[in-house]
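These figures come from a predicted structure and were not determined experimentally.
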Amino acid sequence: MSLNNQVLDRPTSQELPYVEANLTYLTPMAEKPVNYTYEPPPGIPRTNGTYQTYKLPIYNARSISENISLDREGFAFTEHHSSVRDFYDEDEVRCVYYPEAELLLKEVTGATQVVIFDHTLRNAGKSKPSENNIKEPAKRVHNDFTAKSGYTRARLELAVRGIDDIDALLKQRFAIINVWRAIAQPIQESPLAVCDAQSIAATDLIAGDLVYRDRVGETYGVTYNPEHKWFYFPQMHRNEALFIKCFDSAEDGRARFAAHTAFEDPTSPADAPPRESIELRTFAFYPT
């Protein structure tokens, strides 16, 4: 079940149903963007960036899901049953979901080795930044890693795990792929939109510092380009998985960075429950 290869032609996006929604883009700026993951010291803004919203069509990709691939569009979708009973149970996620996702990623990508290094739960109703690690949906167009930080984070995480010969491992092709899914009811509020990587120009991606208490990462903010093509999978439920490629070491024309963002769906019921989701961040190492 590889979702990684070149696939057949698909219908043009204009033939698909869509919603129109506001997406928030980074405004071009002279200095490097900086975003803090915590409340910074007095006098320092949480971010130095400014943002602008654009009302754009976001196409329903369910009917073309089998003709979308990680290596072409930078994202992919499949049904996948998880045996996890409670995604808010940290031990269960690590002991049950991580192994499930590792096997799934090997099947989907053809990777020979998968390392899951991080996960994030999102639920605006339960998020308490000073008390738990549950976050709200991220509603700015972004990509989790840059051409530089893909390698930096890989080196850091592999060293922490005591993996031998990291230099040799990072010379072979690897990708950072997020595995995203609903963890409760079908998602009605703040669904995730993904941008076709083929429609993103290199100049749209702006590297910015992401400041943690103990380190500084680097992510891409994204500036507006009318060529961007946006897709989503409405009403995602627990037994579906969305894969988002956030980095690929290959520079041979394959998709490398699939920008994404949560958005306010104008068709969501006014009383829709807060979106509950989990995303895993993973390294997928391909055969040499």
Side-chain angles (χ1 to χ4, degrees), residues 4 26 32-38 47 49 70-71 74-76 90 93-94 97-99 101-102 104-106 108-109 111-122 133 135 138 140-180 192 194-195 197 200 202 204-222 242-252 254-261 277-286 288:
N4 214 36
L26 177 69
K32 187 176 186 179
V34 178
N35 289 282
Y36 282 80
T37 62
Y38 60 94
T47 177
L70 279 164
D71 278 354
F75 62 96
E90 179 87 7
V93 166
R94 292 183 179 276
Y97 191 44
Y98 276 31
E102 181 179 329
L104 176 63
L105 273 165
K106 286 180 178 178
V108 162
T109 65
T112 52
Q113 183 176 355
V114 170
V115 176
I116 299 171
F117 63 92
D118 183 60
H119 73 268
T120 300
L121 292 161
R122 297 192 189 271
N133 291 322
K135 297 182 180 180
R140 291 175 181 165
V141 179
H142 68 284
N143 187 75
D144 295 13
F145 295 91
T146 68
K148 173 185 174 184
S149 68
Y151 285 99
T152 305
R153 189 65 182 272
R155 192 171 292 280
L156 173 67
E157 296 293 343
L158 296 175
V160 166
R161 284 158 180 77
I163 292 176
D164 294 330
D165 210 353
I166 293 173
D167 287 339
L169 201 55
L170 296 186
K171 285 178 182 175
Q172 70 186 77
R173 182 190 169 211
F174 74 98
I176 301 178
I177 298 169
N178 287 7
V179 184
W180 195 98
L192 192 72
V194 186
C195 191
I200 302 172
D204 302 335
L205 301 172
I206 309 300
D209 287 338
L210 186 62
V211 182
Y212 297 87
R213 293 186 185 277
D214 59 344
R215 63 184 178 86
V216 178
E218 189 176 71
T219 63
Y220 280 134
V222 183
L242 173 62
F243 308 93
I244 308 165
K245 190 191 287 184
C246 294
F247 170 86
D248 197 321
S249 64
E251 299 181 48
D252 57 3
R254 282 182 266 220
R256 298 191 73 199
F257 310 106
H260 50 283
T261 180
S277 63
I278 188 170
E279 64 224 46
L280 302 182
R281 294 181 181 85
T282 77
F283 301 117
F285 294 93
Y286 296 90
T288 52

Kindly say whether [Y] contributes a backbone atom to a donor-acceptor pair with the side chain of [X] at under 3.5 angstrom?
X      : Y      : value
Arg122 : Lys135 : no
Thr37  : Val211 : yes
His260 : Cys195 : no
Ser149 : Phe145 : no

For [X] against [Y], the heavy-atom pair lying closest together:
X      : Y      : value
Thr146 : Ala207 : CG2-CB, 4.2 Å
Thr109 : Leu105 : OG1-O, 2.6 Å
Val114 : Ala111 : CG2-CB, 4.2 Å
Leu280 : Tyr98  : CD2-CE1, 3.6 Å
Phe174 : Tyr286 : CA-CD1, 4.0 Å
Ala154 : Leu170 : CB-CD2, 3.9 Å

Just do the side-chain contact (heavy atoms from CB on, under 4.5 Å) check on Val108 and Leu70 with the steps written out, would you? CA-CA 9 Å; Val108 162; Leu70 279 164; 4.1 Å; yes
Is any side-chain heavy atom of [X] closer than 4.5 Å to a side-chain heavy atom of [Y]?
X      : Y      : value
Phe257 : Leu205 : yes
Val115 : Glu157 : no
Leu156 : Arg153 : yes
Tyr97  : Ile116 : no
Glu102 : Thr282 : no
Glu279 : Ile244 : no

Take atom [atom1] in [X]; do more than 12 heavy atoms of anything else shown fall under 6.0 Å from it?
X      : atom1 : value
Asp118 : CG    : yes
Asp165 : CG    : yes
Lys106 : NZ    : yes

Please report the C-alpha distance between His119 and Val179 in whole Å, then the side-chain angles of each, then the deciding distance to 0.1 Å, and finally whether the side-chain contact (heavy atoms from CB on, under 4.5 Å) criterion is met. CA-CA 9 Å; His119 73 268; Val179 184; over 6 Å; no
Which residue in the set Asp71, Asn143, Asn178 passes side chain to side chain donor-acceptor pair (under 3.5 Å) when paired with Lys245? Asp71
[X] side, atom [atom1]; [Y] side, atom [atom2] - distance, nearest 0.5 Å:
X      : Y      : atom1 : atom2 : answer
Phe247 : Lys148 : CZ    : NZ    : 13.0 Å
Ile177 : Cys246 : CD1   : SG    : 9.0 Å
Ser249 : Lys171 : OG    : NZ    : 13.0 Å
Thr261 : His142 : OG1   : NE2   : 7.0 Å
Gln113 : Ile163 : CD    : CD1   : 5.5 Å

With Arg173 as the cation and Phe285 as the aromatic partner, state whether NZ or CZ is under 6.0 Å from the six-membered ring centre and within 45° of the axis. no
Taking it one step at a time, do Thr47 and Asn35 satisfy side-chain hydrogen bond (donor to acceptor under 3.5 Å, both in side chains)? CA-CA 4 Å; Thr47 177; Asn35 289 282; 2.8 Å; yes
side-chain contact (heavy atoms from CB on, under 4.5 Å) evaluation trace for Glu218 with Thr152: CA-CA 9 Å; Glu218 189 176 71; Thr152 305; over 6 Å; no
Pairwise side chain to side chain donor-acceptor pair (under 3.5 Å) hits with a residue in residues 205-214, at least two apart: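 Applying side chain to side chain donor-acceptor pair (under 3.5 Å) to every pair that reaches into residues 205-214, excluding sequence neighbours, yields Lys32-Asp209.
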Would you please classify the geometry between the Tyr36 ring and the Tyr38 ring as parallel, tilted or perpendicular, with 30° and 60° separating the classes?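 Perpendicular: the ring planes of Tyr38 and Tyr36 meet at over 60°.
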Could you walk me through whether Ile176 and Phe283 pass side-chain contact (heavy atoms from CB on, under 4.5 Å), step by step? CA-CA 5 Å; Ile176 301 178; Phe283 301 117; 3.6 Å; yes
